[in-house]
Amino acid sequence: NAGVTQTPKFRILKIGQSMTLQCAQDMNHNYMYWYRQDPGMGLKLIYYSVGAGITDKGEVPNGYNVSRSTTEDFPLRLELAAPSQTSVYFCASSYDSNYEQYFGPGTRLTVT
Amino acid sequence: QQQVKQSPQSLIVQKGGISIINCAYENTAFDYFPWYQQFPGKGPALLIAIRPDVSEKKEGRFTISFNKSAKQFSLHIMDSQPGDSATYFCAATPNSGNTPLVFGKGTRLSVIA
């Protein structure tokens, strides 16, 4: 099992550009999550999904969009990138909401 | 009521000492309490978790103590080692429903020789 994979590992965006962060898991988990982690700070939930076709907002959803067309994939879309979106983005998955979350290696995004 | 309050923010412990990190919550529906460990440049990984049917769970040098009446739980790292230097996050969620984990803000632990 590859677990949770994320691409790209690093990305530099200019203000106003858009991009999609990819996340995939091969554990057949129903739940998937996107977090952001600013330097020296904790995890903030952006969006989560409890199954294909179902998504819900987390703590900090503004400026982001997600989709969940398959169980395996959960891409995060940034529209009109802003410097405030400079962060490390982690994708995670779990069998259920009260089971272990498996995290990906992260995507380090810089918006300048 | 959805918050999990974690303390201290940072902790320095001598090698061989005991590291103690505390978390408190308000939501009485919470009944799954995991701790995650994160090394620099890596994603968090589950370290140990407890459900409230027990007051303590031990895995090697790591122990969770759980006090349901006080709505508090803590992580104890015995014989702390430099390799334990990492950021630790507590979290909580109800056992039912689709509520994602609520994470504490994290504790940066440094174990010095």
Side-chain angles (χ1 to χ4, degrees), chain A residues 2-7 9-10 21 23 25 27 29-61 66 68 74 87-108, chain B residues 1-11 21 23 25 27 29-53 57 59 64 73 85-110:
Chain A
V4 178
T5 57
Q6 293 184 238
T7 56
K9 284 187 170 52
F10 304 94
L21 281 64
C23 174
Q25 53 93 7
M27 296 173 281
H29 284 166
N30 293 318
Y31 286 68
M32 295 188 74
Y33 315 84
W34 274 106
Y35 296 91
R36 61 175 287 173
Q37 186 175 36
D38 299 334
M41 304 295 282
L43 299 162
K44 292 185 179 179
L45 182 64
I46 304 172
Y47 271 97
Y48 67 101
S49 169
V50 303
I54 306 170
T55 62
D56 210 342
K57 295 178 181 179
E59 182 186 357
V60 289
V66 293
R68 183 98 183 268
F74 191 40
S87 191
V88 178
Y89 291 83
F90 289 103
C91 179
S93 73
S94 66
Y95 170 72
D96 203 334
S97 61
N98 57 350
Y99 281 72
E100 178 178 0
Q101 285 190 21
Y102 293 81
F103 283 79
T107 294
R108 187 176 297 272
Chain B
Q1 203 181 19
Q2 283 293 94
Q3 285 186 333
V4 176
K5 294 183 179 179
Q6 184 172 347
S7 62
Q9 203 171 355
S10 62
L11 182 62
I21 305 170
C23 284
Y25 63 97
N27 189 343
F30 285 162
D31 64 358
Y32 172 64
F33 304 92
W35 284 89
Y36 282 79
Q37 180 188 54
Q38 184 181 29
F39 293 106
K42 303 291 186 183
L46 180 68
L47 181 65
I48 186 172
I50 196 169
R51 297 185 193 269
D53 50 340
K57 183 173 181 180
E59 290 184 1
I64 298 179
F73 58 109
S85 297
T87 299
Y88 293 82
F89 295 96
C90 63
T93 191
N95 197 28
S96 60
N98 297 327
T99 309
L101 283 174
V102 178
F103 282 91
K105 292 188 183 301
T107 296
R108 181 171 293 185
L109 171 66
S110 297

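Here is the naming used below: chain letters follow the sequence lines, and residue numbers restart at 1 for every chain. For the numbers below, each heavy atom of this structure counts, side chains included, while hydrogens, waters and symmetry mates do not.
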Which atoms of Y35(A) approach chain B - backbone, side chain, both or neither, heavy atom under 4.5 Å
side chain

Mark yes when over 12 heavy atoms from residues, nucleotides or ligands other than M27(A) sit less than 6.0 Å from its CE; otherwise mark no.
yes

Heavy-atom pair with the smallest gap, counting every atom of N98(A) and P94(B):
CB-O, 3.9 Å

Minimum heavy-atom separation for F89(B) to Q37(A), with atom names?
CZ-NE2, 3.5 Å

Over 12 foreign heavy atoms within 6.0 Å of OH, Y99(A)
no

If you count heavy atoms of other groups shown closer than 6.0 angstrom to OH of Y95(A), is the number above 12?
no

Toward chain A, the part of Q9(B) with a non-hydrogen atom under 4.5 Å
neither

Smallest heavy-atom separation, F90(A) atom then G43(B) atom, equals CE2-CA, 3.3 Å

Measure T99(B) against the heavy atoms of chain A and call it side chain, backbone, both or neither at under 4.5 Å.
backbone

Which atoms of P34(B) approach chain A - backbone, side chain, both or neither, heavy atom under 4.5 Å:
neither

Most heavy-atom pairs under 4.5 Å with chain A, out of R108(B), R51(B), Q6(B), belong to R51(B)

Pairwise distance CG(D56(A)) to CG(N98(B)) - rounded to 0.5 angstrom:
9.0 Å

Can you tell me if Y36(B) uses its side chain to pair, donor with acceptor, with the backbone of Q101(A) under 3.5 Å?
yes

OH (Y48(A)) and CG (L101(B)) are apart, to the nearest 0.5 Å, by 11.5 Å

Sort L45(A) into side chain, backbone, both or neither according to what part of it lies under 4.5 angstrom from a heavy atom of chain B.
side chain

